[in-house]
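Presented below is the structure to which this report refers.
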Amino acid sequence: MDYDKVSAVHMGKYFELNFEDYPDLEKDIDAICDNLLTNPNIETYRYEILEAE
């Protein structure tokens with residue numbers, strides 16, 4: 001689906017996505033959430049961007 005910078009996805013009570021170096025991260029996070037992870041008609045989402053440890 002052309003999200004080749006996603007290196008891992010973990011699902012539980014929330015989704016955790018890991019990315020390689022990604023200059024357009026915030027723009028693409030919204031697209032990934034809208035198109036893949038949620039149904040924006042009935043669900044909402046929020047996200048945090050954290051540096052890997």
Side-chain angles (χ1 to χ4, degrees):
M1 299 193 78
D2 275 344
Y3 299 117
D4 57 351
K5 298 284 187 181
V6 178
S7 61
V9 176
H10 306 280
M11 184 180 77
K13 288 186 176 186
Y14 57 89
F15 289 94
E16 181 178 316
L17 287 75
N18 298 334
F19 296 89
E20 300 299 324
D21 185 37
Y22 206 152
D24 294 328
L25 181 62
E26 289 190 44
K27 180 188 86 168
D28 286 347
I29 284 290
D30 283 320
I32 290 170
C33 290
D34 287 340
N35 296 327
L36 297 174
L37 303 179
T38 65
N39 178 347
N41 294 320
I42 60 173
E43 298 172 313
T44 60
Y45 63 86
R46 64 184 175 88
Y47 61 86
E48 295 178 53
I49 298 173
L50 305 172
E51 292 287 328
E53 295 179 9

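Starting from 1, each residue takes its place in the sequence as its number.
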Contacts of Glu26 that satisfy side chain to side chain contact (heavy atoms under 4.5 Å, CB included) - sequence neighbours left out: Tyr47, Ile49

All ring-ring contact (aromatic ring centres under 6.0 Å, His included) counterparts of Tyr45, not counting sequence neighbours: none

Test side chain to side chain contact (heavy atoms under 4.5 Å, CB included) applied to Asp28 - qualifying residues, sequence neighbours left out: Tyr22, Asp24

By side chain to side chain contact (heavy atoms under 4.5 Å, CB included) - contacts of Phe15 (at least two apart): Val9, Met11, Leu17, Leu37

Cluster check Phe19, Tyr14: I/L/V/M/F/W/Y, side chain < 4.5 angstrom: no

Side chain to side chain contact (heavy atoms under 4.5 Å, CB included) against Asn41, all qualifying residues, sequence neighbours excluded: Asn39

